[in-house]
Structure formats: C-alpha cells, structure tokens
Amino acid sequence: MEEKILQKKKNGMAMLLLFILLYIAAILASVGGFIVNARGIGTALIIISMIYMAIGWIPFLGLKVLKPQEAAVLTLFGKYIGSLKGDGFYFVNPFSTMVNPAAETKLNQSGDVKPNGGKLFQLGGVENVNLNTNVVNKKISLKIMTLNNNRQKINDCLGNPVEIGIAVMWRVVDTAKAVFNVDNYKEYLSLQCDSALRNIVRMYPYDAAENIDTTGDGMADDGSLRGSSEVVAERIRQEIQSKVSEAGLEIIEARITYLAYAPEIAAVMLQRQQASAIIDARKLIVDGAVGMVEMALNRLSENEVVELDDERKAAMVSNLLVVLCGNRDAQPIVNSGSLY
C-alpha cells in the first residue's frame with residue numbers, strides 16, 4: 001500500500017464561505033419566490049431553494065481541520081483516495097470517511113494518558129462529574145509517543161529468570177501502511193516489542209559470565225544485561241524496527257527501564273553477589289597485608305633495628321598477617337622481657 005498525500009485540498013476556508021453564501025442565497029431565493037409566487041410565478045424557484053436548504057448541509061461534511069502533527073486517512077466507498085498531512089483547513093469529498101482502526105485502542109503510553117482520568121470537572125463538595133461521549137477521533141497522531149511495555153519474566157542465556165521492562169519511543173511515518181497493512185498498529189507494535197525483548201534477552205546473561213558469546217561472532221565476550229544496557233537496548237530497537245517497518249512505524253529509541261532477578265531466585269543471587277564481593281575484598285586485603293609485611297621486614301633489616309632468624313621472621317609474619325587480615329581489632333600483648 002503506497003501512501004498518497006493530498007496536497008491541493010487546503011481550501012477549506014474558501015469552500016466554507018462559498019457554502020454559507022449559497023445557503024444565504026437559497027434563503028433569499030425562497031423568500032423572493034414566495035413574493036413572486038403571490039403574483040402567480042416563482043414556484044420553481046421556491047422548489048429549488050427548498051431542496052438546496054434540505055441537502056445543503058452535506059458539503060459541510062467535507063470540511064476537515066487538522067492540528068500540527070496530525071494526519072487523516074480517507075476512503076471513498078471503501079477505496080483509499082489519499083491522506084491529509086499537516087495542519088490546516090481542508091475540503092475533501094463529503095462522502096469520504098476517515099479510517100483509523102486503532103483510534104479506540106488505549107495502551108500504556110504517553111499519547112493515551114488523559115489528565116484526571118477523564119474527569120472533566122468537579123462541583124464543590126460533590127463527587128466528580130463525568131461527561132461520557134461516544135465521539136471517536138479517527139485522526140492519526142504523527143507525534144513521538146512512548147510505549148511503556150509491562151515487565152516480563154524471561155530466562156537469560158544461563159537459564160536464570162529475570163524481570164525486565166522497556167520503554168519504546170515511536171511514531172507513525174506512513175499512514176497508509178499503518179492503517180491498511182495491519183489490523184491495529186498499536187496492538188501490533190506492543191506484541192512485536194514483547195517478542196523482540198524475549199529474543200534479545202535470551203542471548204545475554206544477567207551479569208558478565210565466562211565462555212558466553214553474545215554477539216554471534218563465535219568469540220566469548222563480557223556482554224551482559226546489566227553491564228551492556230546500551231548495546232542491548234540498541235539491539236532491541238533494531239529487532240523491533242525490522243518487524244514494524246511494514247506497518248509504517250519508526251522506532252526512534254528503546255530503553256531498559258527495569259531489570260532485576262525474578263523474586264524466586266533474587267535471594268540466592270544476592271548471596272552469590274555478596275560472596276563474590278567478600279572474596280574480592282579478601283583478595284585485596286591479603287595483597288595489601290603481604291606487601292606491608294614485606295616492607296616491614298625489609299625496613300627492619302636495612303636499618304639493623306633487630307636481627308631475626310628464620311623462625312622469628314616466620315612468627316612475626318604470622319602475627320602481622322593475623323593482625324592485618326583479621327575482621328576485628330587486634331589486642332596486642334606487650335612482652336616486657338627479652339626478645340629471646
């Protein structure tokens with residue numbers, strides 16, 4: 001389906017003035033016909049003016065007003081005749097109708113949020129009063145909208161269940177494809193976001209892991225959902241774009257808004273992370289303690305403060321390591337006698 005833009009239809013104001021003048025002329029003609037008919041003529045003039053006043057409202061149906069970043073897809077007796085794009089006052093065939101199958105679809109996105117939950121006004125001291133109207137706006141918004149998909153539970157490449165949510169910035173770029181190539185372009189986009197999210201998340205571990213290939217080049221890398229969020233988001237955007245191009249949609253950006261382990265394994269994974277952090281901290285402490293002991297022995301030997309044999313050096317090293325690597329403050333015992 002090829003989009004056709006109706007460029008030469010922005011003449012709504014001129015046509016509106018013409019129809020008003022024709023109505024005024026019909027009224028004046030009917031009045032004049034009655035005056036002339038009193039003399040025995042003017043019956044045809046009265047009939048013509050009455051017929052026009054009865055059906056003269058039909059041309060007004062062809063007047064269309066579009067605000068900035070709005071479009072209208074028009075069909076005439078089931079045939080696509082073109083689309084209106086750009087703000088202005090248009091006049092089209094009065095029998096043409098606007099088509100938008102997604103007009104009543106409300107997703108969790110910016111374009112569907114109504115202030116005050118649709119409540120129009122509130123009387124003092126009285127409950128909120130709602131005005132329910134059945135008028136459906138069939139115009140298509142060309143603005144950038146944000147689709148905040150629900151969180152999903154997906155297994156990563158190691159089989160660990162994680163919960164992840166994304167926000168997708170999108171807009172309609174081809175109105176004909178959006179209306180006619182898919183049944184409902186908003187629902188279609190939401191389903192494709194879910195599918196693309198699952199396909200990409202299954203390629204990555206939550207944290208960096210060994211011997212995992214996330215890029216498909218056959219080489220292990222350190223990609224992960226937590227550490228490579230920008231790369232993962234871009235791959236999700238590309239995956240969604242490849243699916244919705246036929247629907248006339250453009251995916252501008254995709255962002256990860258929520259990422260966590262599933263509740264059933266969150267506690268276990270937290271213990272694992274804590275254990276890994278403790279091990280890393282212990283390694284750092286031991287490295288520092290060994291360096292300090294080595295420095296102490298070298299300084300004692302260089303300055304000839306005291307001469308220690310191998311057995312005394314071993315005891316000193318043991319005591320220093322216990323003091324430096326212990327979890328609690330050491331309580332030294334002062335030797336008031338000789339060293340030997």
Side-chain angles (χ1 to χ4, degrees), residues 1-12 62 64-76 78-93 96-114 136-150 165-200 230-257:
M1 179 65 68
E2 299 250 345
E3 184 183 45
K4 295 185 293 185
I5 307 299
L6 302 177
Q7 301 283 0
K8 300 180 180 180
K9 298 294 183 179
K10 195 179 287 189
N11 51 1
K64 309 291 183 185
V65 178
L66 293 182
K67 294 180 288 187
Q69 295 297 321
E70 280 189 343
V73 176
L74 302 176
T75 60
L76 181 61
K79 181 181 179 180
Y80 172 62
I81 60 174
S83 301
L84 301 177
K85 277 188 174 181
D87 57 299
F89 195 10
Y90 296 85
F91 176 75
V92 296
N93 192 316
S96 62
T97 56
M98 287 193 293
V99 181
N100 184 6
E104 298 186 42
T105 302
K106 301 299 180 183
L107 300 176
N108 187 19
Q109 61 182 19
S110 58
D112 293 328
V113 176
K114 292 183 179 181
V136 178
N137 185 7
K138 295 267 181 100
K139 298 173 185 176
I140 298 176
S141 176
L142 303 179
K143 300 175 183 178
I144 297 176
M145 290 184 284
T146 302
L147 173 63
N148 189 10
N149 251 24
N150 294 328
I166 59 171
V168 179
M169 276 63 78
W170 66 282
R171 64 182 173 188
V172 178
V173 293
D174 192 311
T175 57
K177 288 183 178 180
V179 171
F180 298 112
N181 281 10
V182 294
D183 184 56
N184 188 316
Y185 64 88
K186 289 184 179 179
E187 293 181 355
Y188 181 79
L189 172 64
S190 180
L191 292 174
Q192 293 303 325
C193 289
D194 293 343
S195 176
L197 183 61
R198 289 184 176 275
N199 291 339
I200 300 301
E230 295 289 335
V231 177
V232 175
E234 178 60 22
R235 293 188 67 176
I236 293 173
R237 187 199 70 80
Q238 295 175 0
E239 181 78 6
I240 299 173
Q241 183 64 69
S242 65
K243 301 296 183 182
V244 301
S245 295
E246 286 300 317
L249 306 180
E250 179 188 4
I251 306 302
I252 299 172
E253 189 178 14
R255 290 291 179 185
I256 297 176
T257 57

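Every heavy atom of this structure was used, including side-chain atoms; hydrogens, water molecules and symmetry mates were not. Numbers here are sequence positions counted from 1.
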Visitor: Does the side chain of V168 reach to within under 4.5 Å of the side chain of N149, using non-hydrogen atoms?
Guide: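 Sidechains of N149 and V168: no contact.
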Visitor: How far apart are the closest heavy atoms of T146 and A167, and which atoms are they?
Guide: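 Heavy atoms of T146 and A167 come nearest at CG2-CB, 4.2 Å.
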Visitor: Rounded to the nearest 0.5 Å, what's the gap from OG on S245 to CD1 on I240? Could you check?
Guide: 11.5 Å
Visitor: Report yes or no: does T257 contribute a side-chain atom to a donor-acceptor pair with the main-chain N or O of G165 at less than 3.5 Å?
Guide: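 Side chain of T257 to backbone of G165, a donor-acceptor pair under 3.5 Å: yes, one is there.
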Visitor: Supply the atom-to-atom distance R198 CZ to I236 CD1, rounded to the nearest 0.5 angstrom.
Guide: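 Result: 12.5 Å between the selected atoms.
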Visitor: Got a sec, which pairs hit side-chain hydrogen bond (donor to acceptor under 3.5 Å, both in side chains) with one end in residues 84-93, sequence neighbours left out?
Guide: E3-K85
Visitor: Hey, could you give me the CD/CG distance between E246 and N181, rounded to the nearest 0.5 Å?
Guide: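 Result: 6.0 Å between the selected atoms.
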Visitor: Output, in order, the C-alpha distance, side-chain angles, deciding distance and verdict of side chain to side chain contact (heavy atoms under 4.5 Å, CB included) for E104 and K186.
Guide: CA-CA 10 Å; E104 298 186 42; K186 289 184 179 179; over 6 Å; no
Visitor: So I81 and S96, do their side chains get closer than 4.5 Å, heavy atoms only?
Guide: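 Yes, close enough: below the 4.5 Å cut-off.
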Visitor: Run V99 and K138 through side chain to side chain contact (heavy atoms under 4.5 Å, CB included) and show every step you take.
Guide: CA-CA 6 Å; V99 181; K138 295 267 181 100; over 6 Å; no
Visitor: Does atom NZ of K10 have more than 12 heavy-atom neighbours from other groups under 6.0 Å away?
Guide: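 Atom NZ in K10 is crowded, with more than 12 foreign heavy atoms closer than 6.0 Å.
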Visitor: Can you see which heavy atom on A72 is nearest to which on M98, and at what distance?
Guide: CB-SD, 3.4 Å
Visitor: Is the shortest side-chain heavy-atom distance between L249 and V172 below 4.5 Å?
Guide: yes
Visitor: What heavy-atom pair brings A254 and A233 nearest, and what distance separates the two atoms?
Guide: O-CB, 3.1 Å
Visitor: Does a side-chain heavy-atom distance below 4.5 Å link W170 with M145?
Guide: yes
Visitor: So, the side chain of Q241 versus the backbone of I251: is there a donor-acceptor pair under 3.5 Å, distance only?
Guide: yes
Visitor: Does atom CD of E253 have more than 12 heavy-atom neighbours, drawn from other residues, nucleotides or ligands, at distances under 6.0 Å?
Guide: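 Correct, the count exceeds 12.
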Visitor: With sequence neighbours left out, what residues match E234 under side chain to side chain donor-acceptor pair (under 3.5 Å)?
Guide: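 With neighbours one apart ignored, the set is R237, Q238.
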Visitor: Counting distance only, does the side-chain N/O of S195 pair as donor-acceptor with the main-chain N or O of L191 below 3.5 Å?
Guide: no
Visitor: Indicate yes or no: at least one non-hydrogen side-chain atom of K9 is less than 4.5 angstrom from one of L84.
Guide: yes
Visitor: Tell me if a side-chain donor or acceptor on N100 pairs with a main-chain N or O of K139 at a distance below 3.5 Å.
Guide: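 It does hold such a pair.
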Visitor: For a 4.5 angstrom cut-off between non-hydrogen side-chain atoms, does F180 reach Y185?
Guide: no
Visitor: Do R171 and L142 make a side-chain contact, defined as non-hydrogen atoms from C-beta onward lying under 4.5 Å apart?
Guide: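 No, every pair of side-chain atoms sits at 4.5 Å or beyond.
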Visitor: So, Q192 side chain and L189 main chain: donor-acceptor pair closer than 3.5 Å or not?
Guide: no
Visitor: Distance-only, no hydrogens or angles: does the E70 side chain make a donor-acceptor pair with backbone N or O of V65 under 3.5 Å?
Guide: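 Checking the backbone N and O of V65 against the side chain of E70, no donor-acceptor pair under 3.5 Å is found.
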Visitor: With a 4.0 Å cut-off, would you call E2 and K4 a salt bridge?
Guide: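 The answer is no: the pair does not qualify as a salt bridge.
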Visitor: Restricting to non-hydrogen atoms, name the atom on E239 and the atom on A196 that form the minimum distance, rounded to 0.1 Å.
Guide: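 Looking at all heavy atoms of both residues, the closest pair is CG-CB, 3.3 Å.
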Visitor: Which pair of heavy atoms, one from S83 and one from V73, lies closest together, and at what distance?
Guide: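 Taking every non-hydrogen atom into account, OG-CG2, 3.9 Å.
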Visitor: Any heavy-atom pair between the side chains of Y188 and D183 that's under 4.5 Å?
Guide: no
Visitor: Roughly how far, to the nearest 0.5 Å, is the SG atom of C193 from the CG atom of N150?
Guide: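 Nearest 0.5 Å value for the CG-SG distance: 11.5 Å.
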